[in-house]
Amino acid sequence: MEIYGVDLFDITFRGLHALMAAAWLLFDFIVFWLHFKIKDPNYPLDSRIERAKVMHGIDTVVAYIFLLMLPSGIILCYITGTAIFTTNWLSWKHLLYAIIVADALYLLPISGTALRNLKAIKDGAENIDELNHEIKSRMNQAMPAVWLIWILVFAASLISVLNLKVPKGQDYIFRKTTAQVESINHQNHISANVVSDTIPHRNFVYESNVHKII
């Protein structure tokens, strides 16, 4: 369906895909902000538990967003005529996505551990110091993985932006396709041949005129 020459189906899925990436980063930032108080043993226990519940819920939402980005990306490839497995820049995104999956699987249990330990403390567990230490150490260990995800999501987004296509015609915005480059080179080659064929003719005319004058 098009309005004023714009494919609404194309624009809708581009917008959804971009929105999911933005939401993913935003929710990850919220989780990052929440974790400071959750791991602080001097912060009120009930507030820590509430924050841990929110963090665990956000992690679940992020997991669904993460899963939905794959089919939306495949649909975008179909709409824009981009080969899924034979496009170089898309292959790099596949690699980044795989690393993010492995990273997310490592991070997923950490919010659950925090919530479980805090509930145990509230229920009167005797090893409070040990449980608090586990929460803090696990969250501190997770920080490099969190930063890695942010970097990889930013890199994948940058790759996507640099390889955006115009909705109408599906030509790349910021670069030319291999076929376009070859076409330009071919035209330049033809132009060069025309110039080289013209120069000897001009020299011949010039020499003829000089001969007539003499």
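From a predicted model like this one, the values you see are computed outputs, not experimental measurements.
Taking CD from Glu50 and CG from Leu45, the interatomic distance works out to 10.5 Å, rounded to the nearest 0.5 Å. Here the CD1-CG distance, from Ile74 to Leu70, works out to 4.5 Å after rounding to the nearest 0.5 Å. Here Ile121 contributes atom CD1 and Ile135 contributes atom CD1; the two are 5.0 Å apart, rounded to the nearest 0.5 Å. To the nearest 0.5 Å, atoms CG (Leu19) and OG (Ser72) are separated by 10.5 Å. Atom CG of residue Asn117 and atom NZ of residue Lys136 lie 15.0 Å apart, to the nearest 0.5 angstrom.
Leu148 and Val153 fall within a single hydrophobic cluster, where Ile, Leu, Val, Met, Phe, Trp and Tyr side chains are chained together by heavy-atom contacts under 4.5 Å. Using a 4.5 Å cut-off between side-chain heavy atoms of Ile, Leu, Val, Met, Phe, Trp and Tyr, with links allowed through other members, Tyr43 and Leu118 fall into different hydrophobic clusters. Both Ile49 and Ile110 are assigned to one and the same hydrophobic cluster, defined by single-linkage of ILVMFWY side chains at heavy-atom distances under 4.5 Å. In this structure, Leu105 is a member of the same hydrophobic cluster as Leu152, with clusters built from ILVMFWY side-chain heavy atoms closer than 4.5 Å. Note: the hydrophobic cluster containing Met69 also contains Trp150 (ILVMFWY, side chain heavy atoms under 4.5 Å, direct or indirect links).
Annotation: Asp123, atom CG; neighbour count of heavy atoms from other residues, nucleotides and ligands within 6.0 Å is above 12.
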Between side-chain atoms of residues 25-38 and protein atoms elsewhere (two or more places apart, or another chain), which donor-acceptor pairs fall under 3.5 Å?
{"unit_1": "His35", "atom_1": "ND1", "unit_2": "Phe32", "atom_2": "O", "d": "2.5"}
{"unit_1": "His35", "atom_1": "NE2", "unit_2": "Lys39", "atom_2": "NZ", "d": "3.4"}

Considering only distance and modelled atom types, tabulate donor-acceptor pairs under 3.5 Å from the side chains of residues 93-102, sequence neighbours left out.
{"unit_1": "Lys93", "atom_1": "NZ", "unit_2": "Ser160", "atom_2": "OG", "d": "2.5"}
{"unit_1": "Tyr97", "atom_1": "OH", "unit_2": "Phe66", "atom_2": "O", "d": "2.9"}

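Residues Arg48 and Asn132 have side chains in contact (heavy-atom distance under 4.5 Å, counting atoms from C-beta outward).
The two residues Ala83 and Leu90 make their nearest non-hydrogen contact at O-CD2, 3.6 Å. Nearest heavy-atom pair, Arg138 versus Pro109, reported as atom, atom and distance to 0.1 Å: NH2-CB, 4.5 Å.
Evaluation of the side-chain hydrogen bond (donor to acceptor under 3.5 Å, both in side chains) test over residues 56-67, restricted to residues two or more places apart or in two chains, returns His56-Ser111, Asp59-Ser111.
Between Trp89 and Trp92, a ring centre-to-centre spacing not shorter than 6.0 Å is recorded.
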Worksheet entry | Derivation and outcome, side chain to side chain contact (heavy atoms under 4.5 Å, CB included), residues Met139 and Thr113 | CA-CA 10 Å; Met139 287 190 167; Thr113 299; over 6 Å; no
Practice prompt. Carefully, step by step, assess Ile149 and Tyr106 under the rule side chain to side chain contact (heavy atoms under 4.5 Å, CB included).
Written response: CA-CA 11 Å; Ile149 283 182; Tyr106 167 73; over 6 Å; no
